[in-house]
Amino acid sequence: MSDPGPALSAQKSWFIARARHRFAMTRECALLLPRVCAALADPRQPGSDDTCLEKLLDWFRTLTEFDPAVKLVQDNPCLTEFITSVLALPEPSPSILSFTLRLAGILAASESRFQHLQQEKLLVRLFGGDGPLSSAVWEDASVRSGWVEGVHSMMHHQPALHFLCNGGGIDVIFALQGDPSLFVASAASRLLVHMLILSVETETTKPLSAKDCDWPACAQMIIKRVEDSLQSSSASHVEQSLKLLTSLFGSCRSTWTEVLWLGIAKQIESFLTEKTVQVQHMLANLLLSMAWSPVFCDSEGSFWALVTSALEHLTPVQAGPLAVGILRLYKCPQDVRIQALTVLLQPMDCILRAASQPLEYAGLLDESVSDPATVEGLLSSKSSCAGLLCQTLAHLEELLSLIHLPVDLPYASLLRSLMTILQFCNGFLSPASPLGSTISRILINCFRVQRSALDVLAALSERKGCDTLIGSLFDVLLAYLESPNTSPTVLKKTFQATSKWLVRLHELSCSNSQWQQTEKILEDVFLVLQKRLCSPCWEVRDSSLEFLTVLIKSLRDQDEFRQSLLSSEVPRLTENLLEDPESYVRASAVTAVGHLAFITYFAPESPVIGNQYDKENTVAKLQEILSTDPEGFPRRAVITIFTKWLRQGCTGQLEDTEQFVSRVIQTVEHDLDWEVRLGGLELVEVFCSQTICQLGPPKCSYAPVSSAVTSSIHQNKSLQVFCRAKLFSFLFRSLCDCDKPVGQRACDILLALRGSFYPISTLKDSQETGDSPAGSGIAWLQRTLRQGSLAQNFPTDGGNGVDFEDPESMMLALGTIDLEELHDELNKCSDHVEKSPQSLLQDILATVGTIEENEADCY
């Protein structure tokens, strides 16, 4: 087998050469650049737009990324002249100085250009102690940010590293970690991490070990500062170093990070046991970033012992994120995993124990990691109870969202604890214990905890082991659905949880034949739903309709569900809401009625009496909404439902479907909402696909100008159907739609139709219109389509020689019009011209008023 190395190397070289050519500076840009630089450096000119400056920096990054040569700055001396001019200004604009610092960093990213700028003494004047660092303009956060970004951009080689370390730059960056601007402080921390990695990985001559650790000079300076900061009595200094370490261990997976860790591990551990510096809240993130690194997670040493110690010593609020992070790991000692689970479940266990004394059911935990009194104290306090529970519930939902849980949760006890929380919150539980009474008083009507608990409850429906509690669970859910005190947002969450558990209930009833329990619960649910559909609150009506739609989607094939639904008043009330004064509700009612139709009208043996009349009446109501509703949401819902019906074959025979589609597209093509028009195109796409599949593809090869083709066109039933349904007038007009997604979708459909009607071999022969009577009309259509949105709403009544209902003309149009060209134009970015570097430079010149045509008096 031949060595692929040379081939890969050649391919890489070709790619780099192509990229250099593609991103090289054009002659036009090279002519404009000196004027731009002069304008930006002129303090008399108005400041350029910050967005333009950002785009200009992006362009320079692109220019320098693939070409490290010094040629860019040699061929464009205006760049160094610009930097010199800005440095000579007594009071430069902060935004221009920040731009200059960042530009210099980008240019200095390659070693050759770095040396060139060094020879000009520009870098030391920009980034050294006598530059902006010592001037009044340093007080501006944008200048400090530009300095940090400029340094970060150039930090790709050893000369830059030595320049900064030898010039006192390390001290500046460490000081900027405490900058009042969080943006600057965060950037400084990232820069230190980048410099440390660069130093170790480019300047180390032999692998580092704990016994023989010879750090490179720059790395040693950074590590020494980190170690000193960790031993400081200043909490802010310790926090800065912990953030730096967290970022380092999270981004670098090299083995030398363990050597670094061994030197500071004892100090980190002391933060858990000695409370002299309050930084415990930072330790969870640090330990988690290390746990995800193979350097530490595979070790059997002191790291996991430290994690165990953290789980014991951190407060429940601090330990929660660490616990859930550990439980997400697949590589973790089992004893640590059990301990993390214990920490996470402790608040839920406390809730369960507080609900009754003596404890009626088994608790969640056999023993605690930390003192149970700590958790009880937090849950007994009004200021911390809801926060701790919401955090715990969010972590449980996060775990339950995983497809494969690395740990087994006690689902039944967890469900019981969730029900207890929900009963505390609505006052339906009177606990006997003093702790339970206190928690209940705090949680009453606490919407925040209710929403979080219901989210976990919904997630729990997909787990096994809760079957014995399902009756009690629905008692709690129905109590929330019925209660007038349930807020609209909590009600929406309750509906979501109820729908998931009703699906679970159906699965259980199929396996254990508990039909009676299922029927009773469904009956109770629909009784509540009837009341909620009549609520004076529109959010409640809307949530009720969404709930009904979800239920129909999930359970419409189940006899018990259909019978319970149709024996209730829910279908009638749902249809009434098509006339609701609130547009969101009307839209949800449209969706619900559309899905109800799968049960009432489109089922093989529909139980509804007067089926055909009711079906036609419902379709007429939806079509009326599509043509007359003043709001876009209901109209969008109608076109979505019609497409769903068509996709599932519910619109009758082909002739009926043809008339249905024709009526719909004649309505939507004039709709002011582009999403409705786009929905109409989706309907057309489904109809075309189904019709061609039903009638079969064309049997002949078409060439529009031949007489043989004329006869084959008449034999092509699909084409005749599309013409009768007025599809082509809608599609061709949509190509000129002022909203690009509509035009793009129409073009895609026309290309697909052409692919169905024209084999590739005959397409080239059909590009000329010939002398056919329709030829001039097609030529007019081609010219019109090239105008794009300027030609929107062009006439389609045949007055211009194009008969959009004539199969022969449409075959000619499909074969003649350059749809690929239209497709390319429609898919071009709307600002493809404006995004060019040349246009950007012209924009900057226009902004500062140096282009001649912009210097004329506008009056």
Side-chain angles (χ1 to χ4, degrees), residues 348 352 361-362 364 393-394 396-405 407-423 426 428 450-482 486 490-529 532 543-565 568 570 592 595 598-599:
M348 306 299 287
L352 208 50
Y361 308 102
L364 279 160
L393 291 165
L396 286 168
E397 186 186 7
E398 183 183 341
L399 276 184
L400 289 168
S401 68
L402 299 177
I403 298 173
H404 301 294
L405 263 173
V407 65
D408 291 326
L409 292 172
Y411 296 119
S413 298
L414 184 56
L415 177 57
R416 192 173 280 113
S417 182
L418 288 168
M419 290 191 294
T420 302
I421 290 173
L422 289 169
Q423 288 173 308
N426 67 3
F428 286 7
Q450 287 174 327
R451 291 195 298 267
S452 297
L454 287 163
D455 282 337
V456 181
L457 198 63
L460 207 55
S461 65
E462 298 173 14
R463 304 289 173 175
K464 309 287 190 229
C466 304
D467 306 353
T468 55
L469 299 172
I470 205 158
S472 303
L473 168 63
F474 274 102
D475 288 342
V476 174
L477 291 171
L478 284 165
Y480 266 77
L481 292 175
E482 291 170 349
T486 304
V490 172
L491 182 69
K492 188 181 181 78
K493 294 284 186 184
T494 309
F495 275 138
Q496 290 168 352
T498 303
S499 64
K500 286 181 175 289
W501 279 99
L502 282 172
V503 173
R504 179 78 186 127
L505 176 66
H506 165 70
E507 293 169 358
L508 292 173
S509 62
C510 288
S511 59
N512 58 22
S513 303
Q514 292 184 347
W515 305 112
Q516 291 182 333
Q517 182 191 30
T518 303
E519 287 175 8
K520 177 67 172 68
I521 289 172
L522 284 170
E523 184 181 327
D524 292 342
V525 166
F526 286 124
L527 279 172
V528 175
L529 188 57
R532 292 299 189 178
S543 296
S544 303
L545 290 165
E546 289 176 352
F547 170 64
L548 175 61
T549 301
V550 170
L551 286 186
I552 295 171
K553 284 180 179 178
S554 305
L555 298 170
R556 79 184 197 198
D557 296 331
Q558 311 311 319
D559 291 337
E560 304 80 20
F561 172 76
R562 290 200 300 269
Q563 289 167 10
S564 298
L565 173 60
S568 71
V570 168
H595 283 84
F598 289 118
I599 295 175

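Along the sequence shown, the residues carry numbers beginning at 1. Just so you know, these numbers use all the heavy atoms, side chains as well, and skip hydrogens, waters and symmetry mates.
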Got a second to check how far [X]'s [atom1] is from [Y]'s [atom2], nearest 0.5 Å?
| X | Y | atom1 | atom2 | result |
| --- | --- | --- | --- | --- |
| L414 | M348 | CG | CE | 5.0 Å |
| S461 | L505 | OG | CG | 11.5 Å |
| Q517 | I470 | CD | CD1 | 6.5 Å |
| D475 | I521 | CG | CD1 | 8.0 Å |

Which residues pass the side-chain contact (heavy atoms from CB on, under 4.5 Å) test with [X], not counting sequence neighbours?
| X | value |
| --- | --- |
| V550 | S499, S554 |
| K493 | R451, L454, D455, Q496 |
| D557 | none |

With distance as the sole test, does T486 use its side chain to make a donor-acceptor pair with the main-chain N or O of Y480 at under 3.5 Å?
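Checked: pair present.
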
Do R562 side-chain atoms and R556 backbone N/O form a donor-acceptor pair below 3.5 Å?
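Yes, because the side chain of R562 sits within donor-acceptor range (under 3.5 Å) of the backbone of R556.
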
Who are the ring-ring contact (aromatic ring centres under 6.0 Å, His included) partners of F526, not counting sequence neighbours?
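Only F561 meet the ring-ring contact (aromatic ring centres under 6.0 Å, His included) criterion with F526.
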
With sequence neighbours excluded, what pairs up with F547 under the ring-ring contact (aromatic ring centres under 6.0 Å, His included) test?
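ring-ring contact (aromatic ring centres under 6.0 Å, His included) list for F547, sorted by chain: F495.
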
Mind checking whether [X] and [Y] have side chains closer than 4.5 Å, heavy atoms only?
| X | Y | answer |
| --- | --- | --- |
| L457 | W501 | yes |
| L393 | L418 | yes |
| L502 | H506 | no |
| N426 | L422 | no |
| T518 | Q558 | no |

For residues A412 and C466, report the shortest heavy-atom separation together with the two atoms involved.
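Reported closest heavy-atom pair: N-SG, 4.3 Å.
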
List for me each residue that meets salt bridge (Lys or Arg N to Asp or Glu O under 4.0 Å) alongside K520, sequence neighbours excluded, and say none if there are none.
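K520 satisfies salt bridge (Lys or Arg N to Asp or Glu O under 4.0 Å) with D524 once adjacent residues are dropped.
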
Is it true that, when you exclude D559 itself, more than 12 heavy atoms of the residues, nucleotides or ligands shown sit nearer than 6.0 Å to its CG?
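Count over threshold, so yes.
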
In sequence, state the C-alpha distance, the side-chain angles, and the governing distance for V528 and L478, and then conclude on side chain to side chain contact (heavy atoms under 4.5 Å, CB included).
CA-CA 8 Å; V528 175; L478 284 165; 4.2 Å; yes

